[in-house]
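Only one structure is covered here, and it is reproduced in the block below.
Labels below follow one simple rule: chain letters A, B, ... track the order of the sequence lines, proteins then strands, and each chain is numbered from 1. Just so it is clear, the model here is predicted, and its values are computed rather than measured.
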There are 2 protein chains.
Amino acid sequence: MTTTGQSAGAAEKRPPRADARRNIAAILDAATECLARDPDATINQVAKAAGVGRVTLYGHFDSRATLVAAVAERAMAEADSVLKDVDLAGDPVAALQRLIEATWAVTHRYGALVVAAERALPSEQVDQAHADLRARAERLLKRGQRSGAFRKDLPVSWLVTVLHSVTHAAVTAVHAGDLDAADGPRMISAAMLGVTTPAGGVVPDPAG
Amino acid sequence: MTTTGQSAGAAEKRPPRADARRNIAAILDAATECLARDPDATINQVAKAAGVGRVTLYGHFDSRATLVAAVAERAMAEADSVLKDVDLAGDPVAALQRLIEATWAVTHRYGALVVAAERALPSEQVDQAHADLRARAERLLKRGQRSGAFRKDLPVSWLVTVLHSVTHAAVTAVHAGDLDAADGPRMISAAMLGVTTPAGGVVPDPAG
DNA sequence: CTCTTGTTGAACACTGATGTTCGAGTTAAC
DNA sequence: GTTAACTCGAACATCAGTGTTCAACAAGAG
């Protein structure tokens, strides 16, 4: 606590050193990748993947939960920034396809990170984030139901669940080598356009 | 090793005592339920749920893996016995609905048990069982594609994946209280009939 | 160059789960 | 009723992951 010529008073924080910032970024990146692949990834694995010692990691993040929270927050921020630009107006079918396309990239990158968050974080935060993501799809699907574009005999919550579930299945399939990543959006779209078509209605062509 | 009047020679096995058999059954039942709910369930939790001490459990099952294997084997046997009776002939749409109905009961009971098996057992066994289950649906879907009842522009493997994924989602939703168990088959059928309908075709009514 | 901030591996304590051992007490079988 | 099979709790060893401490060392900021 030697006052080095700075104005005395409360805790004066100098900006972190350059290598520190570099390491923090590397840790966040590594943690994102590790946790997206395996939600049970070890702190050791993350540190090794980031190219730093375990102690260094703990120097920047108090605990596993802190790290997961930071990663999750960053992921949510990017997801929001990607999804907020999606145009959900106009023809509901086309809008759904746009939403799927945008969601695909995000889900494909962050994979099982949600699971890690669910285990390490208090449910309040996770629930909130989860609800936000669902709300977007819910609004669109509800609008489509009102306009008659989507089937009304299934609850919106179930349609959202199916969308979420099918997307996740596609990511898993890609990861298992059973599906080409480029085909993801088309597969999901084709499935979801079928699911949302009213009984007695004609299924639209996803190739459109 | 006092030979009690039995023919000497190799290991003579008397049948297990009545209470032992009772406990083994209780352990298998408890393990099934616990693992179906949480694939990470502890041996302690299983023992407690079965109403026996941990030591007793280890007396009957050498290790966690052994227990999981036994539970999985029993589950597979029941699943097979239920599914082998399903009539997959006739109209593919009706057959798919029958298959979904039958699958529902099994999946609903065994839930996340697959995950536990995947973690504890050598992948060969799990893959084999998994393949058997998928093959049934695959045959039906392929036949439907040939007859024109199901869409041909999506690979059968993807249709099976979606069926599996949607079924699992429904089980999860029921468990979370978001869906009534009795509605499961209708929700899955409605979704899958939409998914399998060829583009340009008319979606059949699941209520039918 | 100098001083402060960061990094590092090794060693440690702690936790929770698995699996084992022991001895005393029960219970089914015959 | 005698005996062998079974149960049970407590205690123990083991293992893997988390989080901390320490002391030597490296590197950025001024």
| field | Nucleotide dG19(D), atom C1' - distance to CG of Leu57(A) in whole Å | value | 11 Å
| request: Using the test side-chain hydrogen bond (donor to acceptor under 3.5 Å, both in side chains), find all partners of Glu124(B) that sit at least two apart in sequence or belong to another chain. | output: none
| request: Please determine, by modelled atom types, if Arg134(A) and Thr161(A) share a side-chain donor-acceptor pair under 3.5 angstrom. | output: yes
| field | Centroid-centroid under 6.0 Å between His168(B) and His168(A) rings | value | no
| said: side-chain hydrogen bond (donor to acceptor under 3.5 Å, both in side chains) for Ser165(B) and Ser165(A)? Distances and angles first, verdict last. | reply: CA-CA 6 Å; Ser165(B) 156; Ser165(A) 155; 2.4 Å; yes
| message | What is the distance, to the nearest angstrom, from the OH atom on Tyr58(B) to the C1' atom on dC6(D)? | response | 19 Å
| said: Check whether Arg151(A) reaches the backbone of Gly194(B) with its side chain - one donor and one acceptor, N or O, closer than 3.5 Å. | reply: no
| note | In whole angstroms, the gap separating C1' of dG16(C) from CZ of Arg119(A) amounts to 16 Å
| field | Under-4.0 Å side-chain N/O to phosphate OP1/OP2 contact, Thr56(A) with dT8(C) | value | yes
| request: Output yes when at least one side-chain N/O atom of Asn23(B) is less than 4.0 Å from OP1 or OP2 of dT7(D), else no. | output: yes
| Nucleotide dA5(D), atom C1' - distance to NE2 of His60(B) in whole Å | 10 Å
| For atom NZ of Lys48(A) and atom P of dG17(D), their distance in whole Å | 11 Å
| remark: Here the distance between atom C1' of dT18(C) and atom CG of Asn44(B), to the nearest Å, is 10 Å
| query | Where the side chain of Val55(A) is defined as all heavy atoms beyond and including C-beta, which of dT18(D), dC22(D), dT7(D) is the nearest nucleotide? | reply | dC22(D)
| request: Let me know the distance between CD1 of Ile24(B) and P of dC6(D), rounded to the nearest Å. | output: 8 Å
| Would a distance-only check, ignoring hydrogens and angles, find a side-chain to backbone donor-acceptor pair under 3.5 Å from Gln125(B) to Pro122(B)? | no
| For Arg64(B) and dT18(C), what is the distance between atoms CZ and P respectively, to the nearest whole Å? | 6 Å
| field | Ala20(B) side-chain proximity, nearest of dG9(C), dG19(C), dT7(D) | value | dT7(D)
Atom pairs under 3.5 Å, N or O on each side, protein against nucleotides 23-30 of chain D: can you list them with distances?
residue, atom, partner, partner atom, Å
dA27(D), N3, Arg17(A), NH1, 3.3
dG28(D), OP1, Arg22(A), NH2, 3.4

